[in-house]
Amino acid sequence: MLFSFRMLATRALSLVGKRAISTSICVRGGHGVAKVDDYALPAYFDRRENPLPDVQFVTELSAEQRSLKEKEKGSWATLSNEEKIALYRISFKQSFAEMNEGTKEWKSVIAGMFFFIGMTGLVVLWQRKFVYGPVPSTFESEWKEKEVQRMLDMRINPVEGFSAKWDYENKEWKK
Amino acid sequence: MQASTETVFLYPPTPLSARCYSHAKVETDEEFDARWVTYFSKPDIDAWELKKGMNTLIGYDLVPEPKILDSALRACRRLNDLASAIRILEAVKDKSGPHKDIYPYLIQELQPTLTELGISTPEDLGMDIL
């Protein structure tokens, strides 16, 4: 009884076809066989370090492609360049030149950088106008003049520094 | 005051025979090449073995010798896989990296095989440019 039931299930599977295995379950001995999800099957990917991927790129071949595959079994010298390229494209998605091609992403990156620097600049300007209070009175030019005069009177750094640059006779900065 | 020119070792120099290297036997380049030529020369090599071999070989820090590639291309012929043959040529060119003179040398060495098997280079097919 169990044997005949198994036979029916496998026959049904062969009718249903390969793709549908993922949607049907073969019941044997009361337990099911796990459904095979797409992501669990070998995948195609173009990588420099993996030149020959696990599967062909094109899985279902058209009649033309199938006849080309037959022709491939003979001498390759008889194949035209277009046919060779077609055979390559059946097995692979992108050539090495195509997969190694750079993107134009860097332009977006630089643009983004400038944009955010600009935004920051606007924020800083706004802050200066609306957020920060007045600067201390010690920055006023009147105060600064008095400060410089006091420093000169004190002979700050008279040898090589500040006061050394002041001409005390002519009361001006040395040229 | 003369400076002392005496060299100071942190540890005494060991003779070659007593150095602390591993005692494993190192495979010579010829042995490596021979091993890979033999791998691809298997008469009934299957598609999986070709892919595995090629992907492993490309994983190494070297560009395969022409004789290894010759063996691999002949394996492609036995498997009726022209696309893989072209892909192998692209892969070794990419593997050479900045050393632009390696690939022309390989093509020069492989030319007899390429003409014999009727394999076009990616350049012949215009696939090396976008």
Quick check for you: among [options], which has the greatest number of heavy-atom pairs under 4.5 Å with chain B?
options: A:Leu87, A:Asn100, A:Ile90, A:Ile85; value: A:Ile85
options: A:Lys73, A:Arg89, A:Arg47, A:Lys69; value: A:Lys73
options: A:Asn81, A:Thr78, A:Leu79; value: A:Asn81

Less than 4.5 Å to any heavy atom of chain B: does that hold for the side chain of [X], its backbone, both, or neither?
X: A:Ser75; result: backbone
X: A:Gln94; result: backbone
X: A:Glu98; result: both

- Does B:Tyr39 reach the main-chain N or O of B:Glu49 with its side chain, forming a donor-acceptor pair under 3.5 Å? yes
- Query: Is there a donor-acceptor pair under 3.5 Å between the side chain of A:Arg48 and the backbone N or O of A:Phe96?
  - Reply: no
- Query: Got a salt bridge between A:Glu72 and A:Lys84, using NZ or NE/NH1/NH2 to carboxylate O under 4.0 Å?
  - Reply: no
- Item | Residues B:Asp33 and B:Lys67 bridged, charged N to O under 4.0 Å | yes
- Task: Identify which of B:Asp94, B:Ile58, B:Leu79, B:Leu125 forms the greatest number of heavy-atom pairs closer than 4.5 Å to chain A.
- Result: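 The candidate making the most pairs under 4.5 Å is B:Asp94.
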- Message: Taking every non-hydrogen pair under 4.5 Å, which of B:Lys93, B:Lys52, B:Arg77 racks up the most with chain A?
- Response: B:Arg77
- Return yes if a side-chain donor-acceptor contact under 3.5 Å exists between A:Tyr88 and B:Glu90, otherwise no. yes
- Task: Using non-hydrogen atoms and a 4.5 Å limit, figure out which bit of B:Asp124 sits close to chain A: side chain, backbone, both or neither.
- Result: backbone
- Task: For residues A:Trp126 and A:Val131, report the shortest heavy-atom separation together with the two atoms involved.
- Result: CZ3-CG2, 3.3 Å
- Message: Could you tell me if B:Arg74 sits above the aromatic ring of B:Phe40, with its cationic atom closer than 6.0 Å to the ring centre and no more than 45 degrees from the axis?
- Response: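 No; the conditions do not both hold, so B:Arg74 does not lie above the ring face of B:Phe40.
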